[in-house]
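This report refers to the structure that appears directly beneath it.
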Amino acid sequence: MDTAATGLTFRDATDADVDALVTLIESAYRGDSSRTGWTTEADILDGQRTDTEGVLAVIKSAESRLLTVERDGSVVACCQLEHRGDHAYFGMFAVSPALQGGGLGKVIIAEAERHARETWGAAEMHMTVISVRDDLIAWYERRGYSRTGRMTPFPYGDERFGIPQRDDLQFELLVKPLA
């Protein structure tokens, strides 16, 4: 058995999880705590990554679920899955910085893909990644995701998504067939 998967519990987030999930997501991407792991965006974005309202919106949406991952009763990771017709959207992915690099992310993304395929019949998984995050995009490519070259603008001026430290940020669509 994959040791990264040992002792994990997967479940849907509830309202009671919101504070823990916001803290987890922020710790994985923003501020000095995020530098413990490799997914940090602290060099390209200040400010918040998400907030209570954003996490609650995913939990409450009929077409989404916020997959919450626990080990020994503590929330250690999460990801958003959203049913979008023939495909699913994968987002809000966070692994505790102290646990990054040990294979936990691979286990979680595989479970998310399984759920999208088996529960919703999704033919593909879609996600958007900040295009300058070469290391992160390479990690997804090793998991079977392909760059599409389809870009959407970063929401400059909307501090709910962070405060950009550079002027060339945009999101690239990555896609993986789930067949």
Using distance alone, with no hydrogens and no angle criterion, decide if [X] and [Y] have a side-chain donor and acceptor under 3.5 Å apart.
X: S146; Y: Y140; answer: no
X: D43; Y: Q165; answer: no
X: H115; Y: R65; answer: yes

Atom pair [atom1] ([X]) and [atom2] ([Y]), whose distance is rounded to the nearest 0.5 Å:
X: T128; Y: H126; atom1: OG1; atom2: NE2; result: 11.5 Å
X: E141; Y: D134; atom1: CD; atom2: CG; result: 9.0 Å
X: C79; Y: F10; atom1: SG; atom2: CZ; result: 8.5 Å

Within a strict 4.5 Å, meaning less than it, do heavy atoms of the [X] and [Y] side chains meet?
X: I25; Y: V55; answer: yes
X: V69; Y: T9; answer: no
X: I109; Y: Y145; answer: yes
X: S96; Y: L24; answer: yes

Name all residues meeting the ring pair (Phe, Tyr, Trp, His ring centres under 6.0 Å) criterion together with F90; count only those two or more places apart in sequence or in a different chain, and write none if there are none.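 For F90, the residues satisfying ring pair (Phe, Tyr, Trp, His ring centres under 6.0 Å) (neighbours in sequence not counted) are F93.
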
Any donor-acceptor pair under 3.5 Å linking the side chain of [X] with the backbone of [Y]?
X: D17; Y: T14; answer: yes
X: T119; Y: A116; answer: no
X: Y156; Y: L169; answer: yes
X: R142; Y: I137; answer: no
X: T148; Y: L173; answer: yes
X: S61; Y: A57; answer: no
X: H83; Y: G85; answer: yes

Determine, stepwise, if the pair Q170 / E172 fulfils side chain to side chain donor-acceptor pair (under 3.5 Å). CA-CA 7 Å; Q170 56 186 343; E172 182 171 4; over 6 Å; no

Set of salt bridge (charged side-chain N to carboxylate O under 4.0 Å, His left out) partners for E53, sequence neighbours left out: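 Testing E53 for salt bridge (charged side-chain N to carboxylate O under 4.0 Å, His left out), a comparison that skips the adjacent residues, returns none.
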
Would you check, one step at a time, whether the test salt bridge (charged side-chain N to carboxylate O under 4.0 Å, His left out) holds for K176 with E124? CA-CA 5 Å; K176 178 181 180 178; E124 293 179 334; over 6 Å; no

Is the terminal nitrogen or CZ of R117 (NZ for Lys, CZ for Arg) located under 6.0 angstrom from the six-membered ring centre of W120 and within 45° of that ring's axis?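 No, a cation-pi geometry is absent between R117 and W120.
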
With the 4.5 Å side-chain cut-off for hydrophobic clustering, are L104 and M127 part of the same group?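 Yes, one cluster joins them.
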
Evaluate the criterion salt bridge (charged side-chain N to carboxylate O under 4.0 Å, His left out) for residue pair E113 and R143; output intermediate values, then yes/no. CA-CA 11 Å; E113 291 165 355; R143 313 271 102 55; over 6 Å; no

R30/E26 salt bridge by N-O under 4.0 Å criterion: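 Here E26 does not pair with R30 in a salt bridge, since their nearest N and O are not under 4.0 Å apart.
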
Carboxylate-amine/guanidinium proximity below 4.0 Å for E70 and R11: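 Salt bridge present between E70 and R11.
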
Below 6.0 angstrom between ring centroids: does that apply to F154 and F171?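 Yes, ring centres under 6.0 Å apart.
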
Does R160 CZ have over 12 foreign heavy atoms under 6.0 Å away?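 At most 12 heavy atoms, drawn from other residues, nucleotides or ligands, come within 6.0 Å of this atom.
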
